[in-house]
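Structure record follows, encoded as structure tokens.
In the text below, chain A, chain B and the rest are named by the order of the sequence lines, each starting its count at 1.
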There are 2 protein chains.
Amino acid sequence: MAKHQNLSDELDAMFAALADPTRRRVIARLGAGPASVGELASPLSISLPSFMKHVHSLESCGLIRTEKSGRVRTCVLNQNRFRLLTGWLEEQRRIWEESTDRLEKFVTEEFVTKEES
Amino acid sequence: MAKHQNLSDELDAMFAALADPTRRRVIARLGAGPASVGELASPLSISLPSFMKHVHSLESCGLIRTEKSGRVRTCVLNQNRFRLLTGWLEEQRRIWEESTDRLEKFVTEEFVTKEES
DNA sequence: GTAATGCTTAGCCTTATGGCTAAGCATCAG
DNA sequence: CTGATGCTTAGCCATAAGGCTAAGCATTAC
């Protein structure tokens, strides 16, 4: 039930979740549509208990949602969640582009100043 | 000297590097321009040796570059490196949008078929 | 009702991560 | 040349991550 904490903790969990090729593969597979735990695990030479840890990691950071029906647990991608990631990355780009702009403005002003003198 | 491995390992390292608030703070600060290790560490109640581990983590995954001049090590952001991340994220989006398109096409065709019959 | 299926729980093991202190080493300032 | 500065190295420690096996527990198929 642990609901979303602050943004920083959420980013921690999402970036950590994506820092593993198995979990990125799951994400990529789920992009094509929902799948059961068994379907997701079968192409991955790894035991099911180990695989379940990856599923929990992805679910607890919100990147996927899962639901159990009968004995089958189905996983679906939660696309909205990716906005937090792209949002952070875009923010970084904004910061450095702003700073680049300032530098260019400065250089231009210096240049003009020198030209004028 | 360990040069870049395969894309998957590079993504592992970069996502892992970003899964830590201290390192994200460093990235954000460097967006505004280069800084020395000391400048970066001073606002962060953490020992210098501990902080250096974060610097190394960021450098070894390529997100920053550093250079030592005299006794000062200066760090700069390596913006290009972010393309690998945004590239992967965009690829995921492409996958799921493609699949959504296919679904819409299917639904439309079903609808047309039923209308025609 | 029995057996197979699909996941789950429990618990163990090894390695990686991220913090620390203490001590070292190369510059730079005076 | 001596001391302060700025980073570095070495090494310790606690916790978390990610793998495994063995065993359990509902559901579904026969």
Side-chain angles (χ1 to χ4, degrees), chain A residues 1-2 5 8-30 33-76, chain B residues 1-2 5 8-30 33-76:
Chain A
M1 284 299 150
Q5 304 104 64
S8 181
D9 288 351
E10 297 191 62
L11 288 173
D12 281 6
M14 278 188 292
F15 278 125
L18 294 179
D20 181 292
T22 298
R23 292 191 292 257
R24 285 197 305 277
R25 250 183 103 164
V26 169
I27 294 288
R29 164 61 189 83
L30 289 180
S36 73
V37 167
E39 282 165 5
L40 292 170
S42 64
L44 301 175
S45 41
I46 185 183
S47 71
L48 212 54
S50 299
F51 181 69
M52 283 303 292
K53 291 192 186 177
H54 291 297
V55 172
H56 288 137
S57 154
L58 286 168
E59 186 174 22
S60 73
C61 76
L63 284 171
I64 71 171
R65 278 173 290 110
T66 79
E67 194 171 348
K68 189 153 184 181
S69 165
R71 57 188 174 178
V72 175
R73 179 172 296 278
T74 301
C75 308
V76 300
Chain B
M1 285 298 150
Q5 305 104 62
S8 181
D9 288 349
E10 297 191 61
L11 288 172
D12 282 5
M14 279 188 292
F15 278 124
L18 295 178
D20 180 293
T22 298
R23 291 191 291 257
R24 285 197 306 277
R25 249 183 102 165
V26 169
I27 293 287
R29 164 61 189 82
L30 290 180
S36 73
V37 167
E39 282 166 7
L40 293 169
S42 66
L44 300 176
S45 42
I46 183 182
S47 71
L48 212 54
S50 299
F51 180 70
M52 283 302 292
K53 292 192 185 176
H54 291 297
V55 173
H56 289 137
S57 153
L58 286 168
E59 186 174 21
S60 73
C61 76
L63 284 171
I64 70 173
R65 277 173 293 110
T66 81
E67 193 171 350
K68 190 155 183 179
S69 164
R71 57 189 174 179
V72 175
R73 178 173 296 281
T74 301
C75 308
V76 299

So Val55(B) and Val26(B), side chain to side chain contact (heavy atoms under 4.5 Å, CB included) or not? Walk me through it.
-> CA-CA 8 Å; Val55(B) 173; Val26(B) 169; 5.9 Å; no
Heavy-atom nearest pair, Leu18(A) first then Phe15(B), reads O-CD1, 3.4 Å
So, for Arg23(B) and Ala16(B), which heavy atoms are closest and what is the spacing to 0.1 Å?
-> NH2-O, 3.1 Å
Separation of dG6(D) P from Phe51(B) CZ (nearest whole Å) | 14 Å
Figure out the CE/P separation between Met52(A) and dA17(D), and round it to whole Å.
-> 17 Å
Using 0.5 Å steps for rounding, measure from the [atom1] atom of [X] to the [atom2] atom of [Y].
X	Y	atom1	atom2	result
Arg25(A)	Ile27(A)	CZ	CD1	13.5 Å
Asp9(B)	Met14(B)	CG	CE	10.5 Å
Asp20(B)	Ser57(B)	CG	OG	7.5 Å
Arg65(B)	Cys75(B)	CZ	SG	11.0 Å
Ile64(B)	Leu30(B)	CD1	CG	6.0 Å

Nearest-nucleotide wise, let me know which of Arg73(A) and Lys53(A) is further upstream toward the 5' end of DNA chain C.
-> Arg73(A)
Check the interface with nucleotides 26-28 of chain D: list each N/O to N/O pair with the protein under 3.5 Å, or write none.
unit_1	atom_1	unit_2	atom_2	d
dT27(D)	O2	Arg71(A)	NH1	2.9

Taking side chain to side chain contact (heavy atoms under 4.5 Å, CB included) as the test, write out the residues that go with Pro21(A), two or more places apart.
-> Arg24(A), Ser8(B), Asp12(B)
For Arg73(A) and Val37(A), indicate whether the former's side chain and the latter's backbone hold a donor-acceptor pair under 3.5 Å.
-> no
For dA17(D), does OP1 or OP2 lie under 4.0 Å from any side-chain N or O of His54(A)?
-> no
Please report, to 0.1 Å, the donor-acceptor pairs under 3.5 Å made by any side chain of residues 39-47 of chain B, with sequence neighbours excluded.
unit_1	atom_1	unit_2	atom_2	d
Glu39(B)	OE1	Ser36(B)	N	3.1
Ser42(B)	OG	Glu39(B)	O	3.2
Ser47(B)	OG	Ser50(B)	N	3.3
Ser47(B)	OG	Ser50(B)	OG	2.9

In numerical order, the residues of residues 35-49 of chain A whose heavy atoms come under 4.0 Å of DNA chain C are Ser36(A), Val37(A), Gly38(A), Leu48(A), Pro49(A)
Shoot me the first and last contacting nucleotide of DNA chain C against chain B, ordered 5' to 3', at under 4.0 angstrom to non-hydrogen atoms.
-> dG18(C) to dC28(C)
For DNA chain D, determine which residues of residues 18-27 of chain A have any heavy atom closer than 4.0 angstrom to one of its atoms, and list them numerically.
-> Asp20(A), Arg23(A)
